[in-house]
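The shown structure was predicted, so the numbers you read here are calculated from the model rather than taken from an experiment. For reference, positions follow the sequence shown, starting with 1.
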Amino acid sequence: MGTPVGDRNNWSISNYFYLQVLAACFYPALLEDDSLPLDVKQRAESLLRECDGGSVGSYTDSSGITKIKHCVSQFITRRDGGVPSSPDNIFIKSGSQTIMLKLLIHSKDSCQTGVLIPVPTYASFIIALEEQGAAIIPYHLCEEQGWTLQVEELRKALHTGRKTCNPVALYICNPGNPTGHIQSRKSIEEVIRFAAEERLFILADEVYQSCVYGDDTEFYSYKKVLSEMGSTICSTVELASFNSVSKGFMGECGLRGGYMELVNLDPAVKEYASRLFSARSCPPVVGQIALDLMADPPKPGDPSFPTFSEVGEVFAELPGISCQPLKAGFFVFPCLHFSLKAIKWAKMEPDMLYCLRLLEETGLHVRPGCEYGQRKDSHHIRFVHCHCCELLHVYALQRLKTFLPRFMKEFS
């Protein structure tokens with residue numbers, strides 16, 4: 001993904017708190033170990049008390065452990081500057097986006113259900129839409145203006161989509177994957193007004209909200225902005241927002257823990273959504289515990305209070321490549337500039353060829369832009385911004401510097 005992976009010695013120190021709590025929950029005998037910090041022991045004991053029999057192997061409520069739902073709602077309220085969040089609107093699940101798609105998409109209808117999605121976007125969401133039988137309505141982000149979301153582009157895409165399907169939802173990824181962009185408050189307000197006018201359900205994927213860079217960059221949740229708009233809009237626009245331990249500063253992809261908050265849903269619809277969630281039994285307990293730790297991390301003065309490092313991007317130094325500034329998230333989506341006439345023999349997308357050659361010659365693994373969607377005759381790669389170790393990041397960029405001139409010369 002642009003950096004070597006798997007070396008835990010290069011992790012941010014913050015992850016050790018989470019790993020220690022998880023270890024103590026799985027093996028409670030560690031609670032007697034004097035090497036564990038006091039706050040680790042206290043958190044593990046508190047979480048185990050919420051599990052039947054004091055074991056993480058027990059079933060929980062289908063929507064998640066009550067204490068953890070309260071912890072998540074308190075996290076949301078703090079994040080949004082006091083905008084209230086109710087545990088009753090919180091659903092803890094792995095794969096909650098898929099369940100929401102089941103609620104919204106009616107594959108047996110004579111007119112196919114449509115969902116507006118950004119281009120580029122990550123491939124797994126496209127696959128989920130296809131599995132549910134949805135019609136995909138693409139809208140393009142504006143690369144030249146830092147991957148901004150423009151309402152006129154939404155209107156054009158919606159108008160085109162209505163010719164062949166019934167659009168019901170608008171999917172937003174903010175901060176963006178794979179683009180690394182973040183929406184301004186003004187942009188979010190414009191999108192919410194558009195959704196209100198067109199009666200679209202907003203699916204707000206906000207899993208990178210904790211990864212925001214730069215003094216002039218700030219994350220605004222769709223819920224917070226919606227709550228501060230006019231009474232007609234703030235009480236009627238339907239919204240589902242998502243967050244996860246798989247992303248963000250934890251980056252624990254295998255733990256599969258996340259939450260969804262529902263806003264302005266009709267009570268009967270919310271009850272039906274609850275039944276859909278219940279049908280899949282309880283979410284993994286280890287993922288729920290990780291979610292609790294993400295929502296309530298160590299505070300200043302706690303023994304495990306973490307430290308973090310800051311890094312910067314230097315893509316401007318690389319030949320044959322341009323990149324919009326990284327504002328948030330884990331990824332950037334650089335644009336490749338090279339002649340196509342010399343690589344038509346390859347019988348594959350140029351950026352795919354680039355990624356394969358890069359892997360073969362340098363050992364670096366990046367993903368081709370064709371997997372995420374891009375404008376015709378443009379070519380990109382998705383590159384991971386390694387926020388946890390500056391040395392690894394510089395190492396990867398140095399490899400790119402040595403590879404790019406050779407590739408450009410060969411295919412110019």
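With N174 as the fixed residue, the side-chain contact (heavy atoms from CB on, under 4.5 Å) test singles out one of D205, L149, I188: I188.
Within the model, atoms CG of L239 and SG of C234 stand 12.0 Å from one another, a figure rounded to the nearest 0.5 Å. Here OH of Y122 is found 6.0 Å from SG of C173. Values are rounded to the nearest 0.5 Å. Atom-to-atom distance recorded for C71:SG and E50:CD is 11.0 Å, nearest 0.5 angstrom. The OH atom of Y272 sits 14.0 Å away from atom CG of D266, with the distance rounded to the nearest 0.5 Å. For the atom pair CD1 of I90 and CD of Q74, the computed distance is 11.0 Å after rounding to the nearest 0.5 Å. For the atom pair S221 OG and Q183 CD, the distance stands at 11.5 Å (nearest 0.5 Å).
Using modelled atom types, no side-chain atom of T148 and backbone atom of Q150 make a donor-acceptor pair closer than 3.5 Å. Panel note: side chain E189, backbone V225; no donor-acceptor pair is recorded below 3.5 Å. In terms of modelled atom types and a separation under 3.5 Å, the side chain of N264 and the main chain of V237 share a donor-acceptor contact. T160 contributes a side-chain N or O that, together with a main-chain N or O of K156, makes up a donor-acceptor pair within less than 3.5 Å. In this structure a side-chain-to-backbone donor-acceptor pair under 3.5 Å is present from T77 to S85. A donor-acceptor distance shorter than 3.5 angstrom exists from the side chain of Q288 to the backbone of I65, with no hydrogens or angles considered.
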Start with the C-alpha distance between Y208 and I182, add both sets of side-chain angles, then the distance that settles side chain to side chain contact (heavy atoms under 4.5 Å, CB included), and finish with yes or no. CA-CA 10 Å; Y208 295 106; I182 189 167; over 6 Å; no
Evaluate the criterion side chain to side chain contact (heavy atoms under 4.5 Å, CB included) for residue pair I68 and Y259; output intermediate values, then yes/no. CA-CA 10 Å; I68 298 179; Y259 72 79; over 6 Å; no
Let me see the working for F75 and L291 under side chain to side chain contact (heavy atoms under 4.5 Å, CB included), right down to the final yes or no. CA-CA 11 Å; F75 159 78; L291 191 59; over 6 Å; no
Would you check, one step at a time, whether the test side chain to side chain contact (heavy atoms under 4.5 Å, CB included) holds for I136 with E130? CA-CA 8 Å; I136 294 173; E130 291 173 343; 4.0 Å; yes
Apply the test salt bridge (charged side-chain N to carboxylate O under 4.0 Å, His left out) to residues R193 and E197: give CA-CA distance (whole Å), side-chain angles for both, the deciding distance (0.1 Å), then the verdict. CA-CA 6 Å; R193 289 193 186 95; E197 293 168 6; over 6 Å; no
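Between R162 and P167 there is a side-chain heavy-atom pair separated by less than 4.5 Å. Residues V56 and L48 meet the side-chain proximity criterion, which asks for heavy atoms closer than 4.5 Å. The side-chain heavy atoms of R375 and E143, taken from C-beta on, include no pair separated by under 4.5 Å. Side chains of F219 and P175 form a contact here, defined as non-hydrogen atoms less than 4.5 Å apart. Contact check for L101 versus L203: side-chain heavy atoms found under the 4.5 Å cut-off. Two residues are said to be in side-chain contact when any heavy atoms from C-beta on lie closer than 4.5 Å; L158 and L116 meet this criterion. At a threshold of 4.5 Å between non-hydrogen side-chain atoms, the residues C51 and V285 count as touching. Looking at W147 and P118, their side chains never come closer than 4.5 Å, going by heavy atoms from C-beta outward.
When all heavy atoms are compared, the tightest approach of E206 to N243 is O-OD1, 3.9 Å. Closest of all the heavy-atom pairs between P283 and T60 is CD-OG1, 4.2 Å. When every heavy atom of I92 is checked against every heavy atom of K69, the shortest pair comes out as CD1-CG, 3.7 Å. The shortest non-hydrogen separation linking E218 to Y220 is OE1-OH, 3.2 Å. A pairwise comparison of heavy atoms in T232 and T236 identifies O-OG1, 2.6 Å as the closest pair. Considering every non-hydrogen atom in both C165 and I137, the closest pair reads SG-CD1, 3.6 Å.
Checked for salt-bridge contact, D292 and K67 meet the test: a charged N lies under 4.0 Å from a carboxylate O. A salt bridge links E228 with K224: the closest approach of a Lys/Arg side-chain nitrogen to an acidic carboxylate oxygen falls below 4.0 angstrom. A salt bridge links E152 with R155: the distance from a Lys NZ or Arg NE/NH1/NH2 to an Asp or Glu carboxylate oxygen falls below 4.0 Å.
Side-chain N/O atoms of Y372 and Q374 include no donor and acceptor closer than 3.5 Å.
Scanning for side chain to side chain donor-acceptor pair (under 3.5 Å) contacts around E190 gives an empty result, with sequence neighbours left out.
Heavy atoms of other residues, nucleotides or ligands lying less than 6.0 angstrom from CZ of R78 number more than 12.
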